[in-house]
Amino acid sequence: MTGNPTFRLNGAEVSLAGADATESLLRWLKRQRLTGTKEGCADGDCGACTVAFVAHDDRGAARYEAVNSCLVPVGAISGREVVTVEALADGDALHPVQQALVDCAGSQCGYCTPGFVMSLFAAYYDRALDDGATEGNLCRCTGYKPIREATARLDAAPPRQDRFRDALDAARPAAARAAVGAFQHPATIGEALALRRENPDAAWICGGTDIGVALSHGLPVAPAFIALDGIDALHALEIFDEAVRIGAAVPLATLEARLAGMFAALDQMLPWFAARQVRNRATFGGNLGTASPIGDLLPILLALDARIELEGPTGARALAADGYFLDYRKTARAPDELVVAVVLPRRGGIQAAYKVAKRQTDDISIVAAAFALELDEARRVTRARLAYGGVAATPRRATRAEAMLVGEPFTPATAARLVPALEDEFAPIDDHRAGAAYRRALAGSLFAKFVAEHAR
């Protein structure tokens, strides 16, 4: 955590000594006259600022992943490797991604094109060239057809071995991550807790997709930061017959791939959780740390009876998700405790998740819901969990409706009787996203939709 902080940028070692740790990587790049990376929203919504990080999975294999540079503070890139659009062409020869966009007339006005290029660049080496590759990129000229044609052309072409693939294949020792100003990089949970004792006002940060928005807009967050993304223990993902234990720093994109098919509710919610660039950085730990009442994953934790593992100066403990949320952005986690992991029991039954937002994708929820039921042989409900976000100051279970549901047949008629109770279970507020009456109506209609889709 000491020494000269550096990172690799387009293959060259760059010093971060004296850098403002809270400045966004996007703004830092622009000051280095690397102006290909664009600023559109500074909120992680538009994708114009996309760059590629070199990331390593839990087996040590390297890959490129697209991230929003507007949400990454400079302090977080110590020891990392970053690729920007300026590095892609080889002299006069364009990279295949760039050439495909040229050939298909996919550049439109050109402002957002570098972001599309970098998203497709990461997908090109992952061989994940579909609409999901650019789901986090907004084309301001509504020219998606040629961009999709370029993506399809890249997908159809055989992969080639080039300097970027060679760089991934080359063995890489773990990079040392030195402190950038008051931005510290502990390597263990113990080090992180010790740093927090020394700096009680420091903020925990991992993916930074929430804190990064505030920092991007120059808002004060904390006098110091303790980065958790370099702690191997927090990246553990353990799959057992009876449960899955998810380290607090495991990116959501990893869960999307590794846990596919295990939890229907998670499968259904993750694609609507922001966009690929955000899911490459966002974590369960971050969702629990911010404890927003509209955090998309939190109703799933309630519906699946998740257990949250914490560690602090006095030791480790575990809490049921249902007892974790106390009030608006207030939880049972002490300020000096870390979320270490989330444990999801693997139970039978029927489960699903739903999200309603103003935009279909890449938007904050108006209401999110997750349902998990267990039925007997006669298809009567033996166990019910109906959880919602956006209907109260905290994510909440509809406990009265759950009690009414147990023992009832799993049929549309039962749902019709339960809808009024669900609409009366919560007292949501009116705000700029939606009215309270609409939110109450969604509490009932989303459950009716769940029953209509799964009853027989």
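We number each residue from 1, following the sequence as shown.
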Decide yes or no for V356 and Y438: does some side-chain heavy atom of the first lie under 4.5 Å from some side-chain heavy atom of the second?
yes
May I have all residue pairs that pass side chain to side chain donor-acceptor pair (under 3.5 Å) and include part of residues 276-291, sequence neighbours excluded?
T50-Q277, S119-Q277, E135-R279, N137-Q277, E256-R279
Indicate yes or no for a side-chain donor-acceptor contact from H235 to the backbone of G230 under 3.5 Å, with no hydrogens or angles considered.
no
Would you sort out whether L302 and R385 count as a side chain to side chain contact (heavy atoms under 4.5 Å, CB included), showing the intermediate values?
CA-CA 8 Å; L302 293 175; R385 295 290 184 268; over 6 Å; no
Distance-minimising heavy-atom pair for A368 and D296
CB-OD1, 4.5 Å
Assess whether a salt bridge exists between E39 and R27, defined as any Lys/Arg side-chain N lying under 4.0 Å from an Asp/Glu carboxylate O.
yes
Would you say the side chains of E86 and N10 form a donor-acceptor pair under 3.5 Å?
no
Count the heavy atoms of every other residue, nucleotide or ligand shown that sit under 6.0 Å from NZ of K30, and state whether that count exceeds 12.
yes
Could you check whether the rings of Y354 and F371 sit parallel, tilted or perpendicular, using 30° and 60° as the cut-offs?
tilted
Within the supplied structure, the quantity of interest is the number of heavy atoms (other residues, nucleotides, ligands) at a distance under 6.0 Å from R163 CZ; does it exceed 12?
yes
Tell me, do L154 and F121 make a side-chain contact under 4.5 Å, heavy atoms counted?
no
Say whether, by atom type as modelled, one donor and one acceptor occur between the side chain of R439 and the main chain of A434 under 3.5 angstrom.
yes
State which residues pass side chain to side chain donor-acceptor pair (under 3.5 Å) with D155; sequence neighbours excluded, sorted by chain then number.
none
Non-neighbouring partners of T331 that pass side chain to side chain donor-acceptor pair (under 3.5 Å), sequence neighbours left out
none
To the nearest 0.5 Å, tell me how far E238 CD sits from I246 CD1.
11.0 Å
So, taking the atom named SG in C46 and the one named CG in N68, what distance separates them when rounded to the nearest 0.5 Å?
7.5 Å
Among pairs that include at least one residue of residues 256-314, which meet ring pair (Phe, Tyr, Trp, His ring centres under 6.0 Å), considering only residues two or more places apart or in two chains?
none
Going by the side chain to side chain donor-acceptor pair (under 3.5 Å) test, which pairs reach into residues 198-224, not counting sequence neighbours?
D43-H217
Working to the nearest 0.5 angstrom, can you tell me the gap between L138 CG and C112 SG?
7.0 Å
Tell me every residue that passes side chain to side chain contact (heavy atoms under 4.5 Å, CB included) with T254, counting only those two or more places apart in sequence or in another chain.
L237, V250, P251, R258
Side-chain donor/acceptor of E23 to backbone N/O of V74, under 3.5 Å
no
Measuring from Q98:CD to S107:OG, what's the distance to the nearest 0.5 Å?
11.5 Å
Quick check: do R196 and I226 have side-chain heavy atoms less than 4.5 Å from each other?
yes
Using a 3.5 Å distance criterion without hydrogens, assess whether the side chain of H56 forms a donor-acceptor pair with backbone atoms of R63.
no
Side-chain contact, heavy-atom cut-off 4.5 Å: F53 with I77?
yes
Going by ring pair (Phe, Tyr, Trp, His ring centres under 6.0 Å), name the pairs with one or both residues in residues 310-336, residues two or more places apart or in two chains.
none
What residues form a side chain to side chain contact (heavy atoms under 4.5 Å, CB included) with V14, not counting sequence neighbours?
F7, L9, W28
So does D363 get a backbone contact from the side chain of K355, meaning a donor-acceptor N/O pair under 3.5 Å?
yes
Can you check whether L297 reaches L270 side chain to side chain, under 4.5 Å on heavy atoms?
yes
Please find the pair of heavy atoms, one from T6 and one from S15, that lie closest to each other, and give the distance.
CG2-CA, 4.0 Å
Let me see the working for R396 and L386 under side chain to side chain contact (heavy atoms under 4.5 Å, CB included), right down to the final yes or no.
CA-CA 9 Å; R396 290 269 302 277; L386 314 180; over 6 Å; no
Going by the side-chain contact (heavy atoms from CB on, under 4.5 Å) test, name the single residue among T84, T113, V85 that passes it with M118.
V85
D431 side-chain N/O to R433 backbone N/O, donor-acceptor pair under 3.5 Å:
yes
For Y124, the ring pair (Phe, Tyr, Trp, His ring centres under 6.0 Å) test, sequence neighbours excluded, returns H95
Results of side chain to side chain contact (heavy atoms under 4.5 Å, CB included) for A214 - residues two or more places apart only:
L219, V221
Heavy-atom nearest pair, A178 first then S78, reads O-OG, 2.8 Å
I'd like to know if R346 pairs up with D241 as an ion pair, taking the criterion as any Lys NZ or Arg NE/NH1/NH2 lying under 4.0 Å from an Asp or Glu carboxylate oxygen.
no
With rounding to the nearest 0.5 angstrom, report the CD1 to OG1 distance, I294 to T394.
13.0 Å
With side chain to side chain contact (heavy atoms under 4.5 Å, CB included) as the criterion, how do R197 and L193 come out once you've worked through the C-alpha distance, each side chain's angles and the decisive distance to 0.1 Å?
CA-CA 6 Å; R197 285 195 298 272; L193 295 176; 4.3 Å; yes
Can you name the nearest heavy-atom pair linking A369 to M269, along with the distance?
O-CE, 4.3 Å
Which residues pass the side chain to side chain donor-acceptor pair (under 3.5 Å) test with D327, sequence neighbours left out?
none
Work out which heavy atom in V54 is nearest to a heavy atom in R80; give both atom names and the distance.
O-NH1, 4.4 Å
Closest non-hydrogen atom pair between E337 and A332, with its separation
OE1-O, 4.2 Å
Salt bridge or not between E149 and K145? Use side-chain N to carboxylate O under 4.0 Å.
yes
Does R307 come within less than 4.0 Å of D322, counting only side-chain N to carboxylate O?
no
Do the non-hydrogen side-chain atoms of C139 and Y144 ever get within less than 4.5 Å of each other?
yes
Under the criterion side chain to side chain contact (heavy atoms under 4.5 Å, CB included), I'd like the reasoning laid out for T151 against D130: C-alpha separation, chi angles, the key distance, then a yes or no.
CA-CA 7 Å; T151 304; D130 54 21; 5.8 Å; no
Sorted by chain and number, sequence neighbours left out, side chain to side chain donor-acceptor pair (under 3.5 Å) with R165 holds for none
Any side-chain heavy atom of L228 within less than 4.5 Å of one from I205?
no
Is any side-chain heavy atom of I189 less than 4.5 Å from a side-chain heavy atom of L338?
yes
Quick check on R245: does its CZ atom have over 12 non-hydrogen neighbours (other residues, nucleotides or ligands) under 6.0 Å away?
yes
Quick one: CG on L101 to CD on Q108, what's the gap to the nearest 0.5 Å?
10.0 Å
